[in-house]
Amino acid sequence: PNMDPQDIWNQFVKDQALVCGMTEDQLDVWIARYIDHESPVSVAERLGMRRTNVDNLFSRANKVLEDHIRNWWKKNS
């Protein structure tokens, strides 16, 4: 189908996030911040967390996903 390259990338990354071992909280925060471009303050308020917790979850989720995609790329390229 004729999908925007950014949408294709976002869907690929989201799919990989689901299989790479992110916790539910990490996934919620990561999607809100990376895919939906929601501010950390907004995410924190919506989820009832402190902003520092949102920042930590997002940072850890990015690391998990980065490692997973790097390994995926090595296996599939």
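Since the structure is predicted, the reported quantities are computational estimates derived from the model, not experimental observations.
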Side-chain donor-acceptor contact under 3.5 Å, Gln11 with Asp15: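 Yes, a side-chain donor-acceptor pair sits under 3.5 Å.
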
Does a side-chain heavy-atom distance below 4.5 Å link Arg70 with Asp67?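 They are in contact (side-chain heavy atoms under 4.5 Å apart), so the answer is yes.
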
Does Glu66 use its side chain to pair, donor to acceptor, with the backbone of Lys63 at less than 3.5 Å? no

Apart from Leu65 itself, what residues make up its hydrophobic cluster, given side-chain heavy atom links below 4.5 Å?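 So far as hydrophobic clustering goes, Leu65 is joined with Trp9, Phe12, Val13, Leu18, Met22, Leu27, Val29, Trp30, Ile31, Tyr34, Ile35, Val43, Leu47, Met49, Val54, Leu57, Phe58, Val64, Ile69, Trp72, Trp73.
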
Apply salt bridge (Lys or Arg N to Asp or Glu O under 4.0 Å) to Arg50 and list each qualifying residue two or more places apart in sequence or on a separate chain. none

One thing to verify: whether Glu38 and Arg46 come together as a salt bridge, which I'm taking to mean a side-chain N less than 4.0 angstrom from a carboxylate O. yes

Side chain to side chain donor-acceptor pair (under 3.5 Å) partners of Ser39, counting only residues at least two apart: none

Rounded at 0.5 Å granularity, tell me how far CZ in Arg33 sits from OG in Ser59. 11.0 Å

